[in-house]
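Shown next, in structure tokens, is the structure this report addresses.
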Amino acid sequence: MPQTPATAVRAEPPAPSRRGACPTLREPMPTGDGLLARFRPIDSTLTPAALTAVARAAEAYGNGLIEITARGSLQVRGLTAATAAPLARAIRAAVAVEEGVPIETAPLAGLDPAERADPRPLAAALRRAIANAGLAERLSPKVTVIVDGGMILASLAADIRVEAAEGGWRIDAGEALGEAAAIAATLGKLDAIAARGPLARARRPAPAASIPAPIGTLELADGTHALGLALPFGSIEAPALAAFAEAAGNAGAREVRLAPRRGFYVVGPGAGAVTRLRQRADALGFVADPADPRLAIAACAGRDGCASGGIATRALAARLAQAAPSFLDGSIALHVSGCAKGCAHPRPASLVLVGQPDGTCGLVFAGSASAEPAAVFPAGAIPAGFLMLERLYRAREHAQESAAEWLVRLGPEGIAAALRG
């Protein structure tokens with residue numbers, strides 16, 4: 001199994017945190033269901049055996065829930081003060097965990113035919129240079145660098161974006177530089193951010209539309225195949241993940257690559273094995289169909305996993321996917337948020353259902369969870385309301401009209417009236 005680089009291993013107990021720290025293996029974050037630990041394998045890559053180890057560790061030391069975040073990191077929930085350190089040791093023994101400044105590469109880096117160049121060697125050189133410069137402890141843990149071999153991660157925001165270009169690498173859309181100059185320029189930008197203080201950022205909005213969900217079978221540059229899957233609402237039980245990891249190993253998979261949009265790719269199975277593996281994933285509850293209505297819904301942990309959550313978000317989201325599959329046609333984004341913070345989908349969504357402190361559910365049309373609700377409903381009435389939306393959508397006058405177009409025509413008052421039945 002891959003070993004964690006020496007620079008990433010530190011003795012317990014943990015060193016003092018940087019201000020504003022995110023949850024990590026070293027410093028889990030309190031939530032409504034215990035402590036939450038987040039980590040990212042280097043280059044988003046781990047073996048099927050390592051994925052099995054993650055699942056077993058989550059079951060042994062947490063509550064058995066594992067999540068993949070919107071940017072492709074892994075999270076383990078339900079830890080305690082006594083189990084957090086054993087969990088961290090088990091993960092580090094199986095996975096090469098990225099520490100310090102996150103250097104993100106595309107999930108199929110080095111294998112994607114759309115790439116201009118493999119970004120992983122430059123990403124590795126940057127990690128070494130940042131560690132040697134001691135920059136990590138001077139920067140906010142939320143500062144992120146993307147090294148992209150071909151505009152594949154163009155929809156993800158970053159503090160510094162390094163992109164392959166004709167003749168080298170461009171830093172934040174500047175002129176093309178050689179590798180050494182690109183590293184020096186990136187270090188200079190990180191140093192300038194650090195000089196502004198430990199909470200400083202240089203966050204830039206993403207220049208492209210949302211990245212597609214990692215669903216389907218792809219032929220890679222080396223002639224092998226990758227099977228893309230997603231977790232339902234970003235979460236899966238440890239036994240299901242362990243069972244799938246075992247099936248992936250038996251199918252000849254050599255790697256698992258975590259991906260944005262709460263999913264991953266299984267790299268290496270032959271064409272026939274991919275079909276069987278996809279069927280196994282579907283049976284275990286993974287999202288294996290690009291038309292799955294669950295892909296249209298973003299849902300946080302809700303009241304079952306967050307002290308701020310006012311509703312059981314994922315249970316509600318699952319019922320909505322069953323009630324309105326045609327309405328959730330991929331043209332709209334539905335956000336089911338436990339509270340007004342909107343962690344699962346910070347950007348505006350077509351429809352937002354927001355848990356209120358009294359357990360009711362607010363409706364926001366074309367906005368964010370923090371917006372004032374246009375209407376408030378009992379949470380238990382929402383699935384029946386979406387069933388009504390589904391029926392109205394199927395009976396709409398304009399047969400070629402997408403759900404997004406239909407919602408605009410219906411308007412907030414029409415939507416609220418439909419949800420009231």
Side-chain angles (χ1 to χ4, degrees), residues 22-23 29-33 36 38 65 67-73 75 77-78 142 156-157 210-211 213 230-236 260-263 287 292-324 327-328 330-386 389 403-404 407 412 415-416 418-420:
C22 299
M29 179 181 73
T31 64
D33 60 353
L36 167 71
R38 181 184 301 159
L65 273 181
E67 298 173 334
I68 300 179
T69 70
R71 292 186 76 100
S73 293
Q75 293 185 163
R77 304 192 71 94
K142 296 183 179 181
L156 294 185
S210 177
I211 195 169
L231 304 190
F233 316 120
S235 178
I236 200 77
R261 293 286 303 273
R262 311 179 195 280
V287 179
D292 193 310
R294 291 176 292 179
L295 289 172
I297 308 175
C300 62
R303 72 182 180 201
D304 296 326
C306 178
S308 301
I311 56 175
T313 50
R314 286 172 178 161
L316 177 58
R319 294 181 66 187
L320 299 184
Q322 291 178 339
F327 174 64
L328 299 171
S331 69
I332 68 168
L334 171 62
H335 181 192
V336 184
S337 182
C339 71
K341 290 188 291 185
C343 300
H345 195 283
R347 299 186 304 275
S350 309
L351 285 179
V352 188
L353 298 172
V354 188
Q356 306 297 301
D358 62 359
T360 58
C361 200
L363 169 69
V364 175
F365 174 69
S368 301
S370 59
E372 185 70 24
V376 178
F377 306 88
I382 295 296
F386 265 75
L389 275 178
L407 283 179
I415 296 168
L419 288 175
R420 292 190 182 99

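Basis for what follows: all heavy atoms, side chains included, without hydrogens, waters or symmetry-related copies.
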>> Minimum heavy-atom separation for S235 and L231, please, with both atom names.
In response: N-CB, 3.5 Å
> What is the minimum heavy-atom distance between L295 and A230, and which atoms define it?
Replying inline: CD2-CB, 4.2 Å
> With A366, which residues qualify under side-chain contact (heavy atoms from CB on, under 4.5 Å), at least two apart?
Replying inline: none
>> Looking at S331 and A404, would you say the former's side chain and the latter's main chain have a donor-acceptor pair under 3.5 Å?
In response: yes
> What pairs of residues pass the salt bridge (charged side-chain N to carboxylate O under 4.0 Å, His left out) test when at least one of them lies in residues 295-322, not counting sequence neighbours?
Replying inline: E67-R314
> Atom CG of L351 and atom CD1 of I332: how far apart are they, to the nearest 0.5 Å?
Replying inline: 5.5 Å
> Okay, side chain of Q75, backbone of S73: is any donor-acceptor separation there less than 3.5 Å?
Replying inline: no
> Rounded to the nearest 0.5 Å, what separation is found between the SG atom of C22 and the CG atom of L36?
Replying inline: 10.5 Å
>> Restricting to non-hydrogen atoms, name the atom on P260 and the atom on L156 that form the minimum distance, rounded to 0.1 Å.
In response: CG-CD1, 3.9 Å
>> Quick check: do L363 and I382 have side-chain heavy atoms less than 4.5 Å from each other?
In response: no
> Is V287 close to F233 at the side-chain level, that is, under 4.5 Å between some pair of heavy atoms?
Replying inline: no
>> So, using side-chain contact (heavy atoms from CB on, under 4.5 Å) as the criterion, who are the partners of A375 when residues are at least two apart?
In response: F377, A416, R420
> What pairs of residues pass the side chain to side chain donor-acceptor pair (under 3.5 Å) test when at least one of them lies in residues 336-354, not counting sequence neighbours?
Replying inline: S308-K341
> Which residues satisfy the side-chain contact (heavy atoms from CB on, under 4.5 Å) test with A374, sequence neighbours excluded?
Replying inline: none
> Which residues satisfy the side-chain contact (heavy atoms from CB on, under 4.5 Å) test with D33, sequence neighbours excluded?
Replying inline: T31, N63, R77
>> Please find the pair of heavy atoms, one from A344 and one from R262, that lie closest to each other, and give the distance.
In response: O-NH2, 2.9 Å
> Distance-only, no hydrogens or angles: does the T313 side chain make a donor-acceptor pair with backbone N or O of G338 under 3.5 Å?
Replying inline: no
> With side chains defined as the heavy atoms from C-beta onward, is the minimum distance between L353 and L320 less than 4.5 Å?
Replying inline: yes
> Considering all heavy atoms of both residues, which atom of H335 and which atom of A369 are nearest to each other, and what is their separation?
Replying inline: CE1-CB, 4.2 Å
>> Testing the basics here: between A213 and R261, what is the closest heavy-atom pair and its distance to 0.1 Å?
In response: N-NH1, 3.4 Å
